[in-house]
Colleague: 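Below is one structure. I have some questions about it.
For the numbers below, each heavy atom of this structure counts, side chains included, while hydrogens, waters and symmetry mates do not.
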Amino acid sequence: MDMQKIGKFLAELRKSKNLTQDELGEKIGVTNKTVSRWENGNYLPPVEILQMLSKTYGVSINELLSGERLTDEHYKENAEEYIVVDLIKKRKEAKKKLIISCIVAFISLFAGVALIITCGFLSAPLWLQITCIATAIIINALSVGVCCVLTVDAGVYECPECGEKFAPDLKDFVLGAHTLTTRRLKCPACGKKRFCKKRLS
């Protein structure tokens with residue numbers, strides 16, 4: 001995405017509508033400084049603003065993000081390019097969530113086990129030992145919860161029966177038997193419970 005090109009195009013579109021940066025800002029609910037930053041290519045307007053600009057200027061969001069008016073052929077090419085970019089971005093985010101999930105699981109498991117072992121070696125009162133063990137169990141339970149929330153949201157699962165890709169709800173995810181790369185889930189398309197493979201996108 002060429003930010004400078006987009007900024008220049010936004011400025012041209014605004015001028016073609018005989019609007020000042022102040023007038024445009026007032027119309028869409030931002031300051032003239034914000035409009036200036038977009039037109040200088042420093043920032044990209046958020047999705048909601050892109051929709052407003054699209055209506056105001058009478059161009060598609062695809063054209064705004066391309067920084068030029070597009071023919072039908074170019075429009076299709078650019079649309080496909082943005083879909084690919086979006087898929088790559090989602091895949092990276094899913095990988096990041098899985099890595100964070102693994103790190104959280106490892107650290108909390110290590111902390112919990114270390115707490116239990118330390119408690120066993122200390123000649124502490126029984127109430128303190130019980131408190132340490134309970135704390136370790138709570139830490140591990142919370143870490144499992146955090147890992148589940150991060151992992152269920154990272155990517156999708158593919159049904160081996162019908163090929164449907166879907167995101168399970170948290171309850172099904174937690175209760176489903178699993179291996180490292182698959183989880184037993186009910187497919188929303190065919191309704192069968194199978195070991196579904198994790199896919200990042």
Side-chain angles (χ1 to χ4, degrees), residues 1-3 6 34 37-38 41-50 65 80-201:
M1 229 179 266
D2 188 335
M3 298 287 281
I6 292 168
T34 302
R37 287 187 190 114
W38 296 336
N42 296 328
Y43 296 99
L44 189 67
V47 176
E48 315 81 57
I49 299 292
L50 284 172
L65 294 174
E80 286 173 1
E81 183 184 326
Y82 291 131
I83 289 167
V84 169
V85 168
D86 188 51
L87 286 172
I88 291 168
K89 186 180 173 186
K90 282 180 180 173
R91 192 179 183 89
K92 283 180 180 174
E93 285 172 1
K95 275 185 181 176
K96 194 187 285 184
K97 284 180 182 177
L98 288 174
I99 289 167
I100 291 168
S101 174
C102 290
I103 291 168
V104 168
F106 176 77
I107 290 171
S108 59
L109 188 65
F110 180 78
V113 170
L115 195 58
I116 290 169
I117 291 170
T118 304
C119 200
F121 283 113
L122 292 175
S123 55
L126 183 61
W127 67 267
L128 185 57
Q129 289 181 353
I130 292 169
T131 304
C132 286
I133 291 168
T135 304
I137 291 168
I138 290 167
I139 288 170
N140 284 326
L142 286 172
S143 72
V144 167
V146 169
C147 291
C148 284
V149 169
L150 287 170
T151 309
V152 75
D153 199 33
V156 292
Y157 284 87
E158 185 177 10
C159 175
E161 196 73 31
C162 67
E164 174 78 7
K165 289 182 181 176
F166 64 97
D169 62 30
L170 191 58
K171 183 185 171 189
D172 289 342
F173 179 83
V174 172
L175 297 177
H178 61 280
T179 65
L180 287 173
T181 57
T182 63
R183 191 169 287 266
R184 187 170 168 78
L185 299 164
K186 185 177 180 181
C187 174
C190 67
K192 293 182 179 173
K193 266 199 168 186
R194 294 283 184 268
F195 274 93
C196 302
K197 195 167 180 65
K198 181 79 171 176
R199 301 284 183 202
L200 293 179
S201 59

Colleague: Go through the structure and list residues passing side chain to side chain contact (heavy atoms under 4.5 Å, CB included) with I103, not counting sequence neighbours.
Modeller: I99, I107

Colleague: Which atom pair, heavy atoms only, marks the closest approach of E164 to C187?
Modeller: CB-SG, 3.8 Å

Colleague: What closest approach, in Å, do I49 and W38 show between heavy atoms, and which atom pair accounts for it?
Modeller: CG2-CH2, 3.2 Å

Colleague: Which heavy-atom pair separates I6 from L65 by the least distance, and what is that distance?
Modeller: CD1-O, 3.3 Å

Colleague: Which heavy atom in T182 sits nearest to a heavy atom in K197, and how many Å separate them?
Modeller: CG2-CA, 4.0 Å

Colleague: Which value, rounded to the nearest 0.5 Å, describes the distance between L44 atom CG and R37 atom CZ?
Modeller: 14.5 Å

Colleague: Could you pull out the closest heavy-atom pair between V156 and A167, with the gap in Å?
Modeller: CG1-N, 4.5 Å

Colleague: Kindly compute the distance separating CD1 (I137) from CG (N140), expressed to the nearest 0.5 Å.
Modeller: 8.0 Å

Colleague: Taking atom CD1 of I133 and atom CG of L128, what is their separation to the nearest 0.5 Å?
Modeller: 10.0 Å

Colleague: How long is the straight-line distance from CD1 of I138 back to CG of L142, given to the nearest 0.5 Å?
Modeller: 7.5 Å

Colleague: A141: what forms a side chain to side chain contact (heavy atoms under 4.5 Å, CB included) with it, not counting sequence neighbours?
Modeller: none

Colleague: Could you tell me the separation between the OG1 atom of T34 and the CG atom of N42, rounded to the nearest 0.5 Å?
Modeller: 11.5 Å

Colleague: Please enumerate all residues that pass side chain to side chain contact (heavy atoms under 4.5 Å, CB included) together with P188, with sequence neighbours excluded.
Modeller: F166

Colleague: Applying the side chain to side chain contact (heavy atoms under 4.5 Å, CB included) test to H178, which of K198, R183, R184 qualifies?
Modeller: R183

Colleague: Roughly how far, to the nearest 0.5 Å, is CG of D172 from NZ of K193?
Modeller: 7.0 Å

